[in-house]
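These notes are about the structure you will find just below.
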There are 2 protein chains.
Amino acid sequence: MPNVTTNFKDRTIEYAQLLEDFKTLLKKNNLKFTIQREVILETLYNSNEHLTPEALHHLIQKRYPELKTSIATVYRTLSLLEDSNVVTSLSFGAQGKKYELGAKEHHDHLICTECGEITEFVDEEIEKRQHAITDELGFKMLDHSMQIYGICKKCQEKNK
Amino acid sequence: MPNVTTNFKDRTIEYAQLLEDFKTLLKKNNLKFTIQREVILETLYNSNEHLTPEALHHLIQKRYPELKTSIATVYRTLSLLEDSNVVTSLSFGAQGKKYELGAKEHHDHLICTECGEITEFVDEEIEKRQHAITDELGFKMLDHSMQIYGICKKCQEKNK
DNA sequence: TTGATTGCAAAACATTTGCATAACA
DNA sequence: TGTTATGCAAATGTTTTGCAATCAA
């Protein structure tokens, strides 16, 4: 089977654009543009990772020690961003959620259970099958997520 | 595209067999067979649903009012069963996990965000693609899960 | 009898919320 | 100036843990 449809993705959107969109979004909803909100968006953008609210909060405290940003504000802003589809979250059971910028195209996740690294990919064939399945059942698909768990190449080599 | 590979699954394993396996498992690990552990396994088996620990606890209290089973024991037993691959869990973010018997064959999930109903399915084409993707990356797949979120047929009709 | 298991209550986390103060528009 | 947002601390909800009592082997 030739691999013609699987892509391992890179981010493409620029920060200036993202910030612009965010400001527009806030204005449209009569919300205010605050330094905390900007810092949260910016930190999320510059960390190419999936972050827990707590990890994000720590990062912000390290990067902007003079700014007192509370964990409550991080949670509130993440909810706001998620409701607006600016970020999406991945669930990991009782250990909570991890957030990532959702401005990228839709993608699924490969998760290494050893080092925690997350690789993103999109496979068109899988996307097509998902639509076929929901169509058949009369199910109105709103979203979907797929995770593949295992050991990444690096960790396999480390273990030898 | 003809649908030749998608199956909506039913359970096939028998309880007697499951119980037998569970007892063997306990013995092998020097663990004891208790009435609480049996009741948890049995309730999980007889409820064809994905249950939260709390829901499972409630069900048990209703079905066995004379037996005092604590929520702590439910959590402890679910961990034990999950570690032993007797049950698997589905994560729903901060709302915690739902557990189901994992003795059934592997399957994915269709989740209605309106009524919470979960439908299981397996699609061979998707399974094949998953293997193709991990093979290409040298990633050793241990497990995978896929969830499709949306509105089920019933809820769509209810909303009209 | 001995060691594992249980129930209970307290502890540990993650997340949310009320409220007075501070900051945007 | 008038809201909205923030930080703080308290509240909530879920899961885990310590410990004395109980139970299985």
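Within every chain, numbering begins at 1; the chains are lettered A, B, ... in the order of the sequence lines, protein sequences first and strands thereafter.
Aromatic ring pairs are classed by plane angle as parallel below 30°, tilted from 30° to 60° and perpendicular above 60°; the pair A:Y15 and A:Y45 is tilted.
The shortest side-chain heavy-atom distance between B:S47 and B:L59 falls under the 4.5 Å cut-off. For the pair B:E82 and B:Y99, the minimum side-chain heavy-atom distance is below 4.5 Å.
In this structure, B:L67 places its CG atom 11 Å from P of D:dC23, rounding to the nearest Å. Distance B:R37 CZ to C:dA4 P: 11 Å, rounded to the nearest Å. Atom pair A:L78:CG and C:dT15:C1' shows a separation of 12 Å (rounding to whole Å applied). Between the P atom of D:dT16 and the CG atom of B:L80 lies a distance of 13 Å, rounded to the nearest Å. Per the geometry, NZ belonging to A:K27 stands 16 Å off C1' belonging to D:dT4, to the nearest Å. Protein atom OH of A:Y75 is 16 Å distant from nucleotide atom C1' of D:dA9, rounded to whole Å. Regarding B:L56, its CG atom lies at a distance of 15 Å from the C1' atom of D:dT14, rounded to whole Å. The interatomic distance linking B:N30 (CG) with D:dC23 (C1') rounds to 16 Å, in whole Å.
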Distances under 3.5 Å between protein N/O atoms and the N/O atoms of nucleotides 8-11 of chain C, please, pair by pair.
{"unit_1": "C:dC8", "atom_1": "OP1", "unit_2": "B:K68", "atom_2": "NZ", "d": "3.3"}

Nucleotides 23-25 of chain C: which of its N/O atoms have a protein N/O under 3.5 Å away?
{"unit_1": "C:dC24", "atom_1": "O3'", "unit_2": "A:F33", "atom_2": "O", "d": "3.4"}
{"unit_1": "C:dC24", "atom_1": "O2", "unit_2": "A:K32", "atom_2": "NZ", "d": "2.9"}
{"unit_1": "C:dA25", "atom_1": "OP1", "unit_2": "A:F33", "atom_2": "N", "d": "3.0"}

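Side chains of B:E100 and B:H50: a donor on one and an acceptor on the other come within 3.5 Å. If you check the side chains of A:Q36 and A:T73, you find no donor sitting under 3.5 Å from an acceptor. At a cut-off of 3.5 Å, with distance as the only test, no side-chain donor of B:E136 or B:T134 sits close to an acceptor on the other residue.
Using a cut-off of 4.0 Å between Lys/Arg side-chain N and Asp/Glu carboxylate O, A:E125 and B:K128 are scored as not salt-bridged.
How far OH of A:Y64 is from OG1 of A:T43: 5.0 Å, rounded to the nearest 0.5 Å.
The closest donor-acceptor contact from the side chain of A:R37 to the backbone of A:L26 lies at 3.5 Å or more, if one exists at all.
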